[in-house]
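Starting off with a structure, shown below.
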Amino acid sequence: MIAFQPGKYRRKIVLLWRYSILGLLSFILFVLAVSVNFLWLFGGMPDLKILENPKSELASEVISEDGKSLGKYFTENRTPIGFDEVSTNLINALIATEDARFEDHSGIDPRSLIRVAKGILTVNTSSGGGSTLTQQVAKNLFQTRSEKYRGFLGGIPVVKTIISKTKEWILSVVLERKYTKQEIMMMYLNTVSFGNNTYGIKVAAKTYFDKEADDLTVNEAALLVGMLQNPTLYNPLRLPVNALNRRNTVLAQMAKYDYLADEDFETFKEKPLNLKFTVDGHNTGLAPYFRESMRGYMKAWVRRYNEETGSNIDLNTSGLRIYTTIDSRMQQYQEEAIREHMKQQQKIFDQHWKGRNPWIDDRGREMPGFIDKAVRRLPYFITLKNLVGEEEAWKVMNRPYKMRVFSWDGEKEMTMSPVDSIKYYKRFLRAGMMSMDPRNGHVKAWVGGINFKYFKYDHVKQGRRQPGSTFKPFVYVAGIDKNFLTPCDHVMDEPVTFGPADGVDGEYTPKNTGDSFSYQSLSLRQALGKSVNSVSAYIMKMVKPDAVVQYAHKLGITSELPATPALCLGTGDVSVYEMVGAYCSFANGGYKTEPMTILKIEDRYGNVLQEFHEKQNQELSENTAYDMLYLMRGAVEDPGGTAGRLSQYGVTQGNEIAAKTGTSQNHSDGWFMGMTQHLVSGLWVGGEDRSIHFRTIALGQGGRVAMPAWGAFMKKVYNDQTLIQYRKGPFVKPENYVKNCNTITTDSTGTYIPPARSDDEGVLF
């Protein structure tokens, strides 16, 4: 029998206490050493100021005037939301799966740590992890494992993990003291990755199920929470079986912790994934051309703002909120109108050129070497040629492979070479359209092309083409405003010749459409409504090209214009953006209003960084502006007007519309400008190159290729009862408006005789 030795056990107890205290003191000292980065061994800790205002990369959001999200600028696609904007199903799934004791611990869960230690000792890999949600927030939000916080010991495999975990414990305790459980949970949900460049629960719900986070069902919430363990391994697009199994694991956890009844679990686990995957990228969403145009502006604004304020904001990561003038309803209608109209025009164009290539010269002959020249201009070909030589570069350009291409019936996969793809895309007609409220300059809709993913070039502001007869109002307004003409005057439709005295070598006689002259006396309204070239030439000869250029510029055309007689037919290249802005001067009582696209910019906390205001300057008298509206109404209201077919769209009855069609030389460009009392819209249609166009004016004129899209767009606007301020109605007539008409005189045959007028030099016409 062994005798009891109490002294021996007391010594063991004392030793155990000593080792425990020593271990505790060592742990405390280690934590302190890590927190202060003792001897630079452990790497730094995030600054306390950062802890008070934790930041993650947030996408900057572009918002319409009616409060709808148009899209984002981002490196990581992330938009934060609050706790009350998240489904209860999601909260339950998250707690059950990631941190069942989340409400009971203070950032570090001793039970979890014991479970992990036991798992390591027993080699049980299914024992679970020891990180709490708070620790995961610390890791995600403050990037404790990044190079930025690595010390001298950070390169040792096991040691660096211990150091990182210690930092996360420290940060977790601080977070738990500074924030509520709900705030910590939302820090987690707003920062985690869900794969496919999707960050945060708001974007994830939209991307995978096309709904808001507070509308997620049990199954949907379980899938998203399940993905958090490994977004690549549980990607429902690429590995749907893995994702389904992981979702069911989350459902089982919800049942285990009584967030889900057993019978409901059995029902839910049998359901399919039912994804509605929608990529929220730069190519998708409303107004992609507008957003891309604003990207360049916003980058310049951010750079200027940082220089002036000493800030360090970033367009892609600072979570700016950019409130724009775009109306999401009008934008949607304009995109629909362009899509419907251009799909139809493309069918006509393809049939028109069936069996032939549409790139032709002035004589209607196919241009030799057209595609080769296009290839040689490509940056890709130039780079390739510099790397491997021209011969090898051409081999690459002619080598076919499978690619996805645009078609009006949807994307399709085709096998073609890069050269073939250039031929394919050159055949597509392009378009650009913009609408603006003339009262304040607010740009309401902006469609820069037929498909942003495949055709990046913006035909609203970036592109410039000849406006044809849509330029004629600037000729007419110069004549009226300089008192050479009145809106009641008549002009003979007959040839007008420019010679050396007009700055022309030899002689230049503009022709009418069809190369004929009626030799009839036409009112200015008739002449403008029917777009008679000879009358525009008559006015140009009277007022001089320099004066027309001056008026165009002061009303809003910023492009350089040729001060030549041919300008009366619209030979100077301009953009849709300029034309709409300039036409607004007519609809706004003579006030030139600069196009306005942004209302204000806020930071991620709702602080206003800058507000924007309209800029107006009166360039015409109210009477002159109204005179021009009266003249341009002739295109819609009078017999033979070039916009008479607008009645087919139901937009003319009970309404006043001032309009102008335009067609450039060889029908390369088709234009339409339409004005109602509170909305001015303009659009251009044509090929990517001027040599690509219809062969006949019957098919290529602006009244055919452009005007129907305007009619379809306005019909949609008028049918929307929420857009009542843009309803049909008359233009606002100036108070005490009197049409300034001269007494009409005729000769012995009854032909109208226009009054003799003098220019500033006293020359009579």
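No hydrogens, no waters, no symmetry mates; every other heavy atom, side chains included, goes into these values. Throughout, residue positions are numbered sequentially from 1 according to the sequence presented.
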Item to check | Aromatic plane relationship, His693 with His667 - under 30° parallel, 30 to 60° tilted, over 60° perpendicular | outcome: perpendicular
Checklist entry - Is any side-chain heavy atom of Tyr551 closer than 4.5 Å to a side-chain heavy atom of Leu620? => result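 A side-chain contact exists here, since the closest heavy-atom pair is under 4.5 Å.
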Checklist entry - Do the side chains of Lys541 and Pro565 get nearer than 4.5 Å, heavy atoms only? => result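 Result no, sub-4.5 Å side-chain heavy-atom pair not found.
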Checklist entry - Just by distance, with hydrogens left out, do Gln616 and Thr593 show a side-chain donor and acceptor under 3.5 Å apart? => result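 Yes, because at least one side-chain N or O of Gln616 sits under 3.5 Å from a partner of the opposite role on Thr593.
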Next on the checklist: Under a 3.5 Å cutoff, is there a donor and acceptor pairing between the side chains of Asp458 and Ser293?
Outcome noted: no
Item to check | Glu614/Arg439 ion pair, N-O < 4.0 Å | outcome: no
Checklist entry - Considering only heavy atoms from C-beta outward, does the side chain of Arg704 approach that of Leu699 to under 4.5 Å? => result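 The answer is no, as the side chains (C-beta and beyond) never meet within the 4.5 Å cut-off.
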Checklist entry - If you draw a 6.0 Å radius around CD in Gln665, do more than 12 non-hydrogen atoms from other residues or ligands fall strictly inside? => result no
Item to check | Asp489 side chain to Thr486 side chain, donor-acceptor N/O pair below 3.5 angstrom | outcome: yes
Checklist entry - Does Pro438 offer a backbone N or O that forms a donor-acceptor pair with the side chain of Asn588 under 3.5 Å? => result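 Yes, the answer is positive, given that a donor and an acceptor are paired below the 3.5 Å cut-off.
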Item to check | Residues, nucleotides or ligands: over 12 heavy atoms within 6.0 Å of Asn719 CG | outcome: yes
Item to check | Donor + acceptor pair across side chains of Gln334, Ser435 (<3.5 Å) | outcome: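 Indeed, the side chains of Gln334 and Ser435 share at least one donor-acceptor pair under 3.5 Å.
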Checklist entry - Would a distance-only check, ignoring hydrogens and angles, find a side-chain to backbone donor-acceptor pair under 3.5 Å from His341 to Arg339? => result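 Answer holds: no.
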Checklist entry - Could you state the interatomic distance from CD1 (Ile326) to CD (Glu65), rounded to the nearest 0.5 Å? => result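 Going from CD1 on Ile326 over to CD on Glu65, the span is 9.5 Å.
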Checklist entry - Does a sphere of radius 6.0 Å around OH in Tyr726 hold more than 12 heavy atoms from other residues, nucleotides or ligands, not counting ones at 6.0 Å or beyond? => result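 Yes, because the 6.0 Å sphere around OH of Tyr726 holds more than 12 heavy atoms from other groups.
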Checklist entry - Which atom pair, heavy atoms only, marks the closest approach of Phe471 to Met579? => result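 So the minimum-distance heavy-atom pair works out to N-CE, 4.3 Å.
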Item to check | Gln701 side chain to Thr663 side chain, donor-acceptor N/O pair below 3.5 angstrom | outcome: no
Checklist entry - Would you call Asp361 and Arg363 a salt bridge, using N to O less than 4.0 angstrom? => result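 So Asp361 does not pair with Arg363 through a salt bridge.
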Next on the checklist: Please enumerate all residues that pass salt bridge (charged side-chain N to carboxylate O under 4.0 Å, His left out) together with Asp720, with sequence neighbours excluded.
Outcome noted: none
Checklist entry - Going by an N to O cut-off under 4.0 Å, is there a salt bridge joining Arg525 and Glu637? => result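 Yes, this pair counts.
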Next on the checklist: Classify the ring geometry of Trp446 against Tyr577: parallel below 30°, tilted from 30° to 60°, perpendicular beyond 60°.
Outcome noted: tilted
Item to check | Residue pair Arg427 / Asn357, side-chain donor-acceptor N/O under 3.5 Å | outcome: yes
Next on the checklist: If we count only N and O atoms by modelled type, under 3.5 Å, do the side chains of Tyr718 and Asn655 hold a donor and an acceptor together?
Outcome noted: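 Short answer, yes.
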Next on the checklist: If you apply the rule side chain to side chain contact (heavy atoms under 4.5 Å, CB included), what do you find for Lys461 with Met434, and how did you get there?
Outcome noted: CA-CA 9 Å; Lys461 193 172 185 180; Met434 187 180 105; over 6 Å; no
Item to check | Set of residues satisfying side chain to side chain donor-acceptor pair (under 3.5 Å) with respect to Asp669, sequence neighbours excluded | outcome: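 Here the qualifying residues are Arg465, Ser664, Trp684.
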Checklist entry - Between Thr325 (side chain) and Met596 (backbone), is there a donor-acceptor pair under 3.5 Å? => result yes
Checklist entry - Charged N to carboxylate O under 4.0 angstrom, Lys716 versus Glu340? => result yes
Checklist entry - Considering residues at least two apart in sequence or located in another chain, which fulfil the salt bridge (charged side-chain N to carboxylate O under 4.0 Å, His left out) criterion with Glu622? => result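 Per chain and number, Glu622 pairs via salt bridge (charged side-chain N to carboxylate O under 4.0 Å, His left out) with no residue.
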Item to check | Step-by-step side chain to side chain contact (heavy atoms under 4.5 Å, CB included) determination, Glu688 to Lys426 | outcome: CA-CA 7 Å; Glu688 180 183 18; Lys426 286 287 186 184; 3.2 Å; yes
Checklist entry - Angle class for the Phe428/Tyr425 ring planes (parallel below 30°, perpendicular above 60°, tilted otherwise)? => result tilted
Next on the checklist: Please report the interatomic distance NZ(Lys444) to OG1(Thr324), rounded to the nearest 0.5 Å.
Outcome noted: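 Between Lys444 NZ and Thr324 OG1, I get 8.0 Å after rounding to 0.5 Å.
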Checklist entry - If you look at every heavy atom in Lys472 and Ser536, which pair is closest and at what distance? => result CD-OG, 3.1 Å
Checklist entry - Is the gap between the ring centers of Phe406 and Phe455 under 6.0 Å? => result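 Yes, close enough.
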Item to check | Rounded distance [0.5 Å steps], CE in Met628 versus CZ in Phe586 | outcome: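 Answer rounded to 0.5 Å: 4.5 Å.
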Checklist entry - In Å and rounded to the nearest 0.5 Å, what is the CG to CE distance from Asn533 to Met540? => result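 These two atoms lie 11.5 Å from each other.
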Checklist entry - Heavy atoms, side chains only, cut-off 4.5 Å: are Cys568 and Tyr476 in contact? => result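 No. Closest side-chain heavy atoms not under 4.5 Å.
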Checklist entry - Is it true that a side-chain atom of Arg727 and a backbone atom of Ile724 form a donor plus acceptor pair closer than 3.5 Å? => result yes
Next on the checklist: Could you walk me through whether Arg329 and Asp327 satisfy the salt bridge (Lys or Arg N to Asp or Glu O under 4.0 Å) test, starting with their C-alpha distance in whole Å, then the side-chain angles of each, then the deciding distance to 0.1 Å, before giving a yes or no?
Outcome noted: CA-CA 6 Å; Arg329 297 157 295 186; Asp327 186 288; 2.6 Å; yes
Next on the checklist: So Tyr289 and Tyr457, do their side chains get closer than 4.5 Å, heavy atoms only?
Outcome noted: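 SC-SC contact between Tyr457 and Tyr289 ruled out.
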Checklist entry - If you take all heavy atoms of Leu567 and Pro562, which pair is closest and at what distance? => result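 Leu567 and Pro562 have their closest heavy atoms at CD2-O, 3.4 Å.
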Next on the checklist: Assess, by modelled atom type and distance only, whether the side chains of Thr497 and Thr509 contain a donor and an acceptor separated by less than 3.5 Å.
Outcome noted: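 Yes, side-chain donor-acceptor contact under 3.5 Å.
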Checklist entry - Does the side-chain hydrogen bond (donor to acceptor under 3.5 Å, both in side chains) test come out yes or no for Ser559 and Glu578, once each step is laid out? => result CA-CA 8 Å; Ser559 294; Glu578 293 172 88; 2.7 Å; yes
Checklist entry - Would you find more than 12 non-hydrogen atoms of other residues, nucleotides or ligands less than 6.0 Å from Glu366 atom CD? => result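 Yes.
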Checklist entry - Is Lys530 salt-bridged to Asp638, cutoff N-O under 4.0 Å? => result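 Answer for the salt bridge query: no.
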Checklist entry - Can you check side chain to side chain contact (heavy atoms under 4.5 Å, CB included) on Tyr508 and Thr564, steps first, answer last? => result CA-CA 11 Å; Tyr508 167 61; Thr564 63; over 6 Å; no
Next on the checklist: Tell me whether the count of non-hydrogen atoms from other residues, nucleotides or ligands lying under 6.0 Å of NZ in Lys456 goes above 12.
Outcome noted: yes
Next on the checklist: Quick one: does any side-chain atom of Asp502 pair with a main-chain N or O of Val504 as donor and acceptor, under 3.5 Å?
Outcome noted: no
Checklist entry - Is the backbone N or O of Tyr519 less than 3.5 Å from a side-chain atom of Glu494, with the two atoms forming a donor-acceptor pair by type? => result no
Checklist entry - Is atom NZ of Lys554 surrounded by more than 12 heavy atoms (other residues, nucleotides or ligands) closer than 6.0 Å? => result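 Counting other residues, nucleotides and ligands, NZ of Lys554 exceeds 12 neighbours.
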Checklist outcome for this item: To the nearest 0.5 Å, atom CG of Leu429 lies from atom CD of Gln346 at 5.0 Å
